[in-house]
Peer 1: 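What follows is a structure written as structure tokens; I'll ask about it next.
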Amino acid sequence: MSKTFQYDVVIAGGGTAGVAAAVGAARAKAKTLLIERNPYLGGEATHSGVSAFCGFYTCGGNPVKAVAGVGEELLKEMESLNSESVDYIISATGNKNINFHPEYLKCAMDNVLEKEGVTCFLHTRIIGAKTKDGEIKSIQCVDDEGIFQVEARVFVDATGDANLAHLSGADTLWGDEEGNVQAATLPFRLSGVDISCDLTPEAVEQAVIKAKKVGIQHLTREKGFILKREGSNQVAVLLPSVMPTGLSSQELTKMELDTRRQVLYYVEAFRRYLKGMEQCELTMIGPSIGFRETRRIKGKSMIKAEDVLNRKKCEDGVARGGWKPEIHKDTDKMATYMDVKEGSWFDIPLGALQSDNIGNLYAAGRMISADEAAFAAVRVMGTCFATGHSAGVAAAVQAEYG
């Protein structure tokens, strides 16, 4: 006979949004469970090795802090573990970002959840959802011991791909009106790098173009970011790219194999043509491809491009978005940006976190309800912390008071 667990709030997905949601729900006195399919927390920040937070600050000059809350507390927890694990920088695009060490983020998330009394099930996949009268009653999960059931009053989908929403029959969207999504990228890490050398996107572009001219194959994006931390000879590289077409095992396998092959050719190109990389060594690939956009929910309200560009404020705002639309529609080019006023932010309404047809389902992170251009601004991880925190509190309030 399978086991059954009961909670007030269940969070699906332990990335930046999921961890923030779990803390928010627990502090609002809900008995909270966080489910994560990987052996550690962090989502794209750790499992895809992105290692940079965008969206904590507004874009452009005179940056203003847009996100505090759980996200800020995790930064402080990382710094308490290692003062050099967090580095506030101005990026190559002129924005204030936060570079961090992914391994310390894993441990910081463990610590914060433990302090708040959140129960966490790692190594757990959600394989089904039972709904009745427009609400989720329970979810079916599997671990290495078998299948079990979890019942809850309210659920938060922070999977990044709207997996729980999809399984429960919630309305979802895929990409733009024509079904096109943003490019996915497989980050990789290199050691033995002289970070005092020019590692800007322009320097990367020159090296990749030279490599292509001499016949080095499987190089997609020519211009991209190399993320570095002061005092370290390790860098994270965001270049190997592919356009997602779906989330089936066959499609995911094809994308992983394609981008993993690209990594080896980028390493060769850098050793030969990028100053400071002559002695670099490949230390880690991924371990998983990083998605910018897949499924997202259809919410009770939708954030529109004009809301982001005009930095709209609203009475039911529950989080702030400080980023601007950053759109990656090509595998061989950098993003295009839609400019916004410096130091400005917009409100994210509660309705954008609420499923339009499943009454006890919230979404958090890169799968909240937004049109194509607005989505390109709310998907960044700093904002994911904020929408996660908001969704967790809202879920706990609903669990208690209906």
Peer 1: Could you tell me whether a side-chain N or O of Thr131 sits under 3.5 Å from a main-chain N or O of Gly134, the two making a donor and an acceptor?
Peer 2: no
Peer 1: Is it the case that over 12 heavy atoms from other parts of the model lie below 6.0 angstrom from the CZ atom of Arg189?
Peer 2: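 It does: Arg189 CZ has more than 12 such atoms within range.
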Peer 1: Does Thr124 reach the main-chain N or O of Ile35 with its side chain, forming a donor-acceptor pair under 3.5 Å?
Peer 2: no
Peer 1: Mind listing the closest non-hydrogen atom pair of Thr58 and Ala66 along with its distance?
Peer 2: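 Answer, listing the atom of Thr58 first, then Ala66: CG2-CB, 4.4 Å.
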Peer 1: Is it the case that the side chain of Asp157 and the backbone of Thr159 share a donor-acceptor pair, with hydrogens and angles ignored and the cut-off at 3.5 Å?
Peer 2: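 Looks like yes, one N/O pair under 3.5 Å.
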Peer 1: Please check if the distance between the ring centroids of His47 and Tyr40 is under 6.0 Å.
Peer 2: yes
Peer 1: Name the residue from Val340, Asn95, Val308, Val378 that meets the side-chain contact (heavy atoms from CB on, under 4.5 Å) definition with Trp323.
Peer 2: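 In the set Val340, Asn95, Val308, Val378, the residue that makes a side-chain contact (heavy atoms from CB on, under 4.5 Å) with Trp323 is Asn95.
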Peer 1: Using every non-hydrogen atom in the two residues, find where Ser355 and Ala170 come nearest and quote the distance to one decimal.
Peer 2: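 Taking every non-hydrogen atom into account, OG-CB, 3.8 Å.
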Peer 1: Near Ile147 CD1, under 6.0 Å, is it more than 12 heavy atoms from other residues, nucleotides or ligands?
Peer 2: no
Peer 1: Below 4.5 Å, heavy atoms only, C-beta onward: do Arg272 and Lys210 meet side chain to side chain?
Peer 2: no
Peer 1: With the side chain counted from C-beta on, respond yes when Leu199 and Leu274 share a heavy-atom pair under 4.5 Å apart, and no when they do not.
Peer 2: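 They are in side-chain contact.
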Peer 1: Looking only at the side chains, is there a donor atom on one of Ser196 and Asp194 sitting less than 3.5 Å from an acceptor on the other?
Peer 2: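 Yes, a side-chain donor-acceptor pair sits under 3.5 Å.
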Peer 1: Answer yes or no: is there a donor N or O on one side and an acceptor on the other, between the side chain of Ser241 and the main chain of Leu239, under 3.5 Å?
Peer 2: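 Confirmed, Ser241 side chain pairs with Leu239 backbone.
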Peer 1: With a 4.0 Å cut-off, would you call Arg366 and Glu293 a salt bridge?
Peer 2: no
Peer 1: Indicate yes or no: does Asp143 engage Arg37 in a salt bridge with an N to O separation below 4.0 Å.
Peer 2: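 Looking at Arg37 together with Asp143, the answer is no, because their closest N to O distance does not fall below 4.0 Å.
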Peer 1: Is it true that atom NZ of Lys313 has more than 12 heavy atoms of other residues, nucleotides or ligands lying nearer than 6.0 Å?
Peer 2: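 Yes, NZ of Lys313 has more than 12 neighbouring heavy atoms, counting only those of other groups under 6.0 Å.
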Peer 1: Side chains of Lys212 and Gln217: closer than 4.5 Å at any heavy-atom pair?
Peer 2: no
Peer 1: Do Gln262 and Thr220 meet the criterion of a side-chain donor-acceptor pair at a distance under 3.5 Å?
Peer 2: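 Note: Gln262 and Thr220 side chains meet the donor-acceptor criterion.
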Peer 1: Contact between Phe385 and Leu75 at the side-chain level, heavy atoms closer than 4.5 Å - yes or no?
Peer 2: no
Peer 1: Using side-chain heavy atoms (C-beta onward) and a distance below 4.5 Å, is Met109 in contact with Thr16?
Peer 2: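 A side-chain contact under 4.5 Å exists here.
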Peer 1: If you measure from CZ on Phe270 to OH on Tyr265, what distance do you get to the nearest 0.5 Å?
Peer 2: 15.5 Å
Peer 1: Considering only heavy atoms from C-beta outward, does the side chain of Thr383 approach that of Val380 to under 4.5 Å?
Peer 2: yes
Peer 1: Kindly indicate whether the side chain of Leu282, heavy atoms from C-beta on, has any atom under 4.5 Å from the side chain of Leu190.
Peer 2: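 Yes, at least one pair of side-chain atoms sits under 4.5 Å.
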Peer 1: Got a second to check how far Thr46's OG1 is from Lys106's NZ, nearest 0.5 Å?
Peer 2: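 It comes to 6.0 Å.
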Peer 1: Looking at Trp174, does the NZ or CZ of Arg295 lie under 6.0 angstrom from its six-membered ring centre and within 45 degrees of the ring axis?
Peer 2: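 That pair does not qualify as a cation-pi contact.
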Peer 1: Within 45 degrees of the ring normal and closer than 6.0 Å to the centroid, is that where the cationic atom of Lys312 sits relative to Phe346?
Peer 2: no
Peer 1: Please check if atom OH in Tyr104 has more than 12 non-hydrogen atoms from other residues, nucleotides or ligands closer than 6.0 Å.
Peer 2: no
Peer 1: Take Arg379 and Glu326 through the test side-chain contact (heavy atoms from CB on, under 4.5 Å) and record every step on the way to the result.
Peer 2: CA-CA 9 Å; Arg379 66 174 180 80; Glu326 177 187 333; 3.6 Å; yes
Peer 1: What's the shortest heavy-atom distance between Ala129 and Leu164, and which atoms?
Peer 2: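 Ala129 and Leu164 have their closest heavy atoms at CB-CD1, 4.2 Å.
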Peer 1: Would you kindly say whether Thr185 and Arg292 are connected by a side-chain donor-acceptor distance under 3.5 Å?
Peer 2: yes
Peer 1: Assess, by modelled atom type and distance only, whether the side chains of Glu256 and Thr253 contain a donor and an acceptor separated by less than 3.5 Å.
Peer 2: no
Peer 1: Is it the case that more than 12 heavy atoms not belonging to Lys298 sit under 6.0 Å from its NZ atom?
Peer 2: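 It does not: Lys298 NZ has 12 such atoms or fewer within range.
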Peer 1: Answer yes or no: is there a donor N or O on one side and an acceptor on the other, between the side chain of Glu178 and the main chain of Asn180, under 3.5 Å?
Peer 2: no
Peer 1: Would Asp8 and Val154 satisfy side-chain contact (heavy atoms from CB on, under 4.5 Å), going step by step from the backbone distance to the final call?
Peer 2: CA-CA 6 Å; Asp8 297 326; Val154 185; over 6 Å; no
Peer 1: Is it true that the NZ or CZ of Arg296 lies under 6.0 Å from the centre of Phe375's six-membered ring and within 45 degrees of the ring axis?
Peer 2: yes
Peer 1: Assess whether atom CD of Glu84 is packed by more than 12 heavy atoms of other residues, nucleotides or ligands within 6.0 Å.
Peer 2: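 12 or below, so no.
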Peer 1: Are more than 12 heavy atoms, taken from residues, nucleotides or ligands other than Glu278, located less than 6.0 Å from that residue's CD atom?
Peer 2: yes
Peer 1: Is Glu135 paired with Arg153 through a side-chain N to carboxylate O contact shorter than 4.0 Å?
Peer 2: no
Peer 1: What do you reckon, are the aromatic ring centroids of Phe155 and Tyr362 less than 6.0 Å apart?
Peer 2: no
Peer 1: Tell me if a side-chain donor or acceptor on Asn360 pairs with a main-chain N or O of Ile136 at a distance below 3.5 Å.
Peer 2: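 Side chain of Asn360 to backbone of Ile136: a pair is present.
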Peer 1: Go through Gln149 and Lys130 one step at a time and tell me if the side-chain contact (heavy atoms from CB on, under 4.5 Å) criterion holds.
Peer 2: CA-CA 10 Å; Gln149 181 171 264; Lys130 292 182 179 179; 3.4 Å; yes
Peer 1: Count the heavy atoms of every other residue, nucleotide or ligand shown that sit under 6.0 Å from NZ of Lys304, and state whether that count exceeds 12.
Peer 2: no
Peer 1: Is any NZ, NE, NH1 or NH2 atom of the basic residue among Lys3 and Glu145 found under 4.0 Å from an Asp or Glu carboxylate oxygen of the other?
Peer 2: no
Peer 1: Could you tell me whether Lys324 and Asp339 have a side-chain N and a carboxylate O separated by less than 4.0 Å?
Peer 2: yes
Peer 1: First locate atom CG of Leu33, then atom CD1 of Ile11, and finally report the distance between them rounded to the nearest 0.5 Å.
Peer 2: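 The distance works out to 8.5 Å.
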Peer 1: So Ile139 and Cys141, do their side chains get closer than 4.5 Å, heavy atoms only?
Peer 2: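 With C-beta onward as the side chain, the pair touches.
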Peer 1: Looking only at side-chain N and O atoms, does Ser191 offer a donor or acceptor that is under 3.5 Å from a partner on Gln234?
Peer 2: no
Peer 1: Are the charged groups of Glu281 and Arg271 less than 4.0 angstrom apart, N to O?
Peer 2: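 No.
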